[in-house]
Amino acid sequence: MMRWQLRNWWRGNKRVPVVLMLEPLHTCNLACVGCSPERYSGDLRNRLPLSNCFDAVEVCGAPIVSVCGGEPTVYPEIVELVDGLIARRKHVILCTNAILLDRFYRKARPHKRLAINVHLDGMRTTHDFVVDRPGVFDRAIEMIAEGKRLGYYVSTNTTVYRETSVDEIEEMCALLTELDVDGILLSPGYHYEAIEGDAHFLFRDEIHEKFKRIVALTQRYPKISSTPLFLQFAAGMRDYPCTPWGNPTYTPQGWKDPCYLIGNRYYGSWTEFFGGVDWDYWESRRDPRCHNCKMHSGFEPSVVRKLGDSLADVLTMARWQMANVRNTKRRVAA
Ligand code: SF4
């Protein structure tokens, strides 16, 4: 990551992708309340061929690839895809609902560049409500435990909805700490104009209220691995411009303008996409759909981008990074 950042700084590149959000398919075995039909109702036959995935990875250059979708374990070539990304020296985050994770475990192997990231939106009642199917929470917990037993780096990814109480988030953090997960990512499910009337999403003030309490939780649960500065941002304690180019999204329809969430239009080529999107506009958050947004894929890169502005922030991030390194060393030694 450091090499990538330094190389781009040396070349004078102002906008640098950090995490490629790779959606090899829009087929899913769930239809969660927070998801758009575009993301889960796709035909498996319309999935990206492996060669397109690898071409996108090469041309984008980001050192981290987050494989999402759709549900990536439904992608028939998922093991070949992960192996190919590792062979290209990428850090891979496999985002999954865990229902078919045992199928992946049977064919794949743990690797220091691979993280399994299990979707878990709270405890049993909330999670099964959000994914609209009973039993999914129990399955996710079972697969987290199995991943840890097999030696994988296993983290979780939680969207905090209106239905989610912070007490419940604390209960979930306690359970995940007991399971010895390697990281707990927390991010707000926010309300935007295009989904007006949807009761599940949070408005900005509600996000701040919940995340102020979540910031306090990080003292008791060091496994919470969202960066401390992002959590402060989610709690309304600091502000950032958006950095949508930090996490570009590649899908079966092409490169998505401008971000993981909003699909204004799609581009066939990286050059057209990266040079064609009005990044100044999207960074400014002037668009009505951006007003309440606190999405980690838009703002975690902003934390990195704005780090040089404050020595105190650099020290906060250095302490956080050291804690992560210690955690990783302990895991590798075990
Ligand atoms: S503010 Fe949110 S919705 Fe707007 S471009 Fe950034 S990530 Fe996308």
Side-chain angles (χ1 to χ4, degrees), residues 14-23 26 32-39 60 62 64-66 68-69 93 95 117 119 121 157-162 185-198 200-208 210-211 214 226-227 229-251 253-267 270 272-307:
K14 191 173 155 233
R15 295 184 169 118
V16 179
V18 180
V19 180
L20 168 61
M21 311 294 284
L22 178 61
E23 298 186 340
H26 279 167
C32 305
V33 299
C35 197
S36 67
E38 176 207 65
R39 277 220 159 83
C60 167
I64 302 173
V65 180
S66 176
C68 31
I93 305 169
C95 303
N117 190 21
H119 167 209
D121 282 345
N157 186 22
T158 301
T159 303
V160 179
Y161 291 98
R162 186 167 266 164
L185 290 162
L186 300 168
S187 119
Y190 83 97
H191 183 282
Y192 78 102
E193 198 175 67
I195 46 174
E196 190 94 53
D198 194 311
H200 307 298
F201 294 92
L202 297 162
F203 285 94
R204 186 178 275 228
D205 290 346
E206 295 173 295
I207 296 173
H208 292 170
K210 285 191 193 256
F211 273 80
I214 288 172
S226 307
T227 63
L229 301 185
F230 170 73
L231 291 176
Q232 287 175 18
F233 165 72
M237 297 155 71
R238 56 172 64 232
D239 206 11
Y240 285 118
C242 183
T243 308
W245 40 265
N247 285 21
T249 304
Y250 187 60
T251 79
Q253 288 128 285
W255 294 97
K256 191 172 180 179
D257 163 9
C259 68
Y260 183 70
L261 190 75
I262 298 176
N264 251 5
R265 64 175 282 198
Y266 291 84
Y267 290 83
W270 169 260
E272 282 173 323
F273 162 70
F274 217 66
V277 177
D278 185 354
W279 296 120
D280 288 332
Y281 175 77
W282 293 107
E283 282 179 23
S284 74
R285 301 164 63 190
R286 263 174 296 164
D287 192 274
R289 289 165 291 182
C290 300
H291 288 169
N292 288 311
C293 179
K294 299 245 164 183
M295 196 165 64
H296 64 292
S297 59
F299 294 96
E300 283 282 20
S302 305
V303 169
V304 179
R305 176 153 74 106
K306 292 289 172 187
L307 202 53

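First listed ligand is number 1; within each ligand, the first listed atom is number 1.
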>> Taking backbone and side chain together, does Cys290 place any N/O/S atom at a distance below 2.8 Å from atom 4 (Fe) of ligand 1?
In response: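 For Cys290, the answer is yes, given that an N, O or S atom comes within less than 2.8 Å of atom 4 (Fe) of ligand 1.
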
>> Quiz question: by atom type and distance under 3.5 Å, do the side chains of Glu300 and Thr227 form a donor-acceptor pair?
In response: yes

> Does a side-chain N-to-carboxylate-O contact under 4.0 Å join Asp280 and Arg15?
Replying inline: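 Yes, Asp280 and Arg15 are salt-bridged.
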
>> Exactly one of Cys242, Pro241, Cys290, Cys259 should register a side chain to side chain contact (heavy atoms under 4.5 Å, CB included) with Trp282. Which one does?
In response: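 That would be Cys290.
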
> Are Val18 and Val304 side-chain neighbours, meaning at least one heavy-atom pair lies under 4.5 Å?
Replying inline: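 Heavy-atom side-chain distance check fails, nothing below 4.5 Å.
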
>> Less than 6.0 angstrom separating the ring centers of Tyr281 and Trp245, yes or no?
In response: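 No - the distance between ring centres of Tyr281 and Trp245 does not fall below the 6.0 Å cut-off.
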
May I ask you to list the atoms of ligand 1 that are less than 4.0 angstrom from any heavy atom of [X]?
X	value
Met295	7 (S)
Trp282	5 (S)
Cys293	1 (S), 2 (Fe), 3 (S), 7 (S)

>> Looking only at protein heavy atoms, which one is nearest to atom 6 (Fe) of ligand 1, and what is the separation?
In response: Cys242 SG, 2.3 Å

> When you measure from atom 8 (Fe) of ligand 1 to every protein heavy atom, which one gives the shortest distance, and what is it?
Replying inline: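 For this ligand atom, the closest protein heavy atom is Cys259 SG, 2.4 Å.
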
